[in-house]
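Notes follow once the structure below has been shown.
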Amino acid sequence: MAKRNLLSRRQLLRTSAGALLLAPLLRERRVEAQTAASPKRLVMMFTPDSHPPEWWPTGTGKTFTLQEPLADFRGLESQMLFVKQLNHAWTVDNHHEAGMAQLFTGARFFDESTRYANGPSIDEILLKNSTIRGTTPVASMHVSSAGGAGGDKRHVISYSGPGQPNPHEENPANTFKTLFNGVTFGGGATPATPPPSPTSPLAVARAAVDKKIFETNTAEIKRIQQFLGTAEVAKMDLHLSALQELAARISTTTPTTPTGPPVAVGGKCEQVVTTGATKSSTDAAAVTKFAQVQADLVVNAFTCDRTRIADYSFSFSGGHHQGLLGYSPSWHDTVAHVSKTSDSVSVGGSTMTTRAAFIQFDRFWASQIAYLVKRLAAISEGSGTMLDNTLMIWGVESGTNHNHSPKDMQYLILGGKNLGVQLGQVLQLSGVQSANKLLTSVMQAFGYAATGLGIEPTIGPLPGVLA
C-alpha cells in the first residue's frame with residue numbers, strides 16, 4: 001500500500017499543479033547542490049521604439065535563421081531564446097509609459113502623477129529573496145547611453161519598490177568610482193565568493209520565505225477542496241502530503257559545502273578607461289563608443305565580482321533621435337510608427353522604405369547589446385564562459401512593429417545556460433501568454449520559488465523556458 005502511495009505522489013509531481021508549486025523549490029535544491037562556485041548573474045536590458053517584424057527569426061524550434069536586425073548576433077544562436085506570443089498584462093494610453101512600468105515589474109502605476117511602477121522589478125526581488133548577491137560590495141549597477149540617464153518614468157526599468165525607481169547613471173566616471181572604490185588593479189582572476197552558511201541571516205530569511213510559500217499553498221489547496229468532489233479531494237490530499245514531505249526534507253537537509261578550491265571568476269580585474277566617451281543621442285559613433293565603455297564597466301564589475309546585477313539601457317521609451325544615422329526627422333514618428341514596405345525615405349543619402357530604415361535603426365541598437373554579449377561569451381569561466389553563468393533579458397516597451405500595443409511583446413533571453421535556460425530555440429507558444437510568466441521563470445532560474453509578480457502574483461512560470 002505504501003508503495004502505491006509513493007508512486008501516486010510521484011505521478012502527482014508530474015501534474016501541472018505539482019510543477020507549479022514544487023518545480024522552483026526542487027530547482028533551488030539542485031542549484032544549491034552544485035559544487036561549481038561560478039557566480040550567477042543577471043542583466044536587464046532595454047532599447048527604444050520596439051522592433052520591426054524582421055527582428056523575429058525565420059523558422060521555429062531549434063531551426064531558425066537570424067534576420068538583418070539581429071545580424072550582429074550571428075554565431076550566437078545557441079545562446080538565444082526567443083519567446084513568441086507574449087502580451088503585457090495591461091495597458092493605458094499609447095503604452096509607452098505602461099510598457100516601461102511593467103517591463104520588468106509586471107506592476108501597474110504607483111500613481112498617475114509619476115506613473116512609476118507600483119512594485120519592485122525582478123532584480124530587486126532576487127536581491128531580497130535569493131543568494132545572487134553573495135558578498136559583493138555593490139548590490140547592482142544601472143548604466144545607460146544615448147540619453148537614457150535619470151529617473152523619469154520613460155527612462156527607468158528597475159524599481160526597488162512601489163514608486164521607488166533606480167535611476168540610470170550616464171557618467172562612466174561616476175559608475176567606476178561607485179563600483180571600484182578601494183580596488184587595486186593588476187591582479188589575477190578573482191576567486192568567487194563562497195555560498196553563505198545555512199545559518200547566515202540571508203539563508204535563515206530565505207528558509208522563512210520557503211516556509212511561508214508552503215503554508216500559503218497548503219491553505220489555498222484546503223480552500224479549493226471545499227468546492228471539489230470526493231475523488232478530487234483525495235487527489236488534493238495526496239498533493240498536500242507531497243508538499244509536506246518535501247518541506248520536511250528541505251528543512252532537515254543541510255546544503256553541501258563545495259570541496260576543493262573555488263572556481264575563479266572569469267577574466268582579470270582590470271581598470272576600465274572611462275575617458276574619451278562623449279554623450280550623444282544622435283551621433284552614431286559617439287553613442288557606440290559611449291555604450292562600449294558602459295558595457296566594459298559591466299563586464300569588469302562581473303570579473304571583479306563587485307556586483308552580479310546590471311541594468312543596461314539605451315535612450316528612453318519613445319526616443320526620437322533626430323539626426324541619428326543621417327536621418328534628420330524623428331525616427332520615432334516617421335519611421336518606427338510608419339514602418340511600411342511601399343514608401344520611401346532618405347537615410348544618410350540612401351533611399352529606402354520606412355521598414356528598411358526601421359531595420360537599420362533597430363540593428364544599430366541591437367549591435368550595442370551584441371557587443372556586451374560577445375564580451376561575456378569570450379571570457380572563459382569554469383567549464384564554459386561567463387555568458388553561461390549570466391542570464392540576460394532584453395525587452396522593449398511596445399509590441400512588434402512599434403504599434404502602441406501591449407500584444408506580441410519582444411523579449412529575448414541570452415545566456416544563462418548554467419541556470420537551466422533552454423537556449424538555442426524559438427519557443428512558439430500554443431496560445432497567448434502573459435509576459436509575467438517569462439519574468440517568473442527568470443526568477444526561478446536563480447533558485448527563488450517565485451509564483452508570479454506584479455498584478456499577477458500567482459501566474460506561474462512559462463513552460464519551455466527552464467529545463
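Along the sequence shown, the residues carry numbers beginning at 1. None of these values were measured; they are calculated from a predicted model.
Counted by atom type alone, H402 and S50 present zero donor-acceptor pairs between their side chains at under 3.5 Å. Counted by atom type alone, S398 and H96 present zero donor-acceptor pairs between their side chains at under 3.5 Å. With 3.5 Å as the limit, one finds no donor-acceptor pair spanning the side chains of D123 and S140. Side chains of W394 and T47: a donor-acceptor N/O pair is present below 3.5 angstrom, by distance only. Between the side chains of Y116 and D152, no donor N or O sits under 3.5 Å from an acceptor N or O.
Both tests do not hold together for R154 against F316: distance to the six-membered ring centre under 6.0 Å, angle to the ring axis within 45°.
Taking the six-membered ring for Trp and the full ring otherwise, H320 and H332 have centroids separated by under 6.0 Å.
The pair E112-R115 counts as a salt bridge, with a side-chain nitrogen and a carboxylate oxygen less than 4.0 angstrom apart. A salt bridge links E54 and R355; the closest N-O separation between the charged side-chain nitrogens and carboxylate oxygens is under 4.0 Å.
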Hey, mind stepping through S434 and E456 against side-chain hydrogen bond (donor to acceptor under 3.5 Å, both in side chains) and telling me if it holds? CA-CA 9 Å; S434 170; E456 296 180 308; 2.6 Å; yes
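Residue-environment remark: NZ (K177) stays at or below the threshold of 12 foreign heavy atoms within 6.0 Å. Within 6.0 Å of NZ on K407 lie no more than 12 heavy atoms contributed by other residues, nucleotides or ligands.
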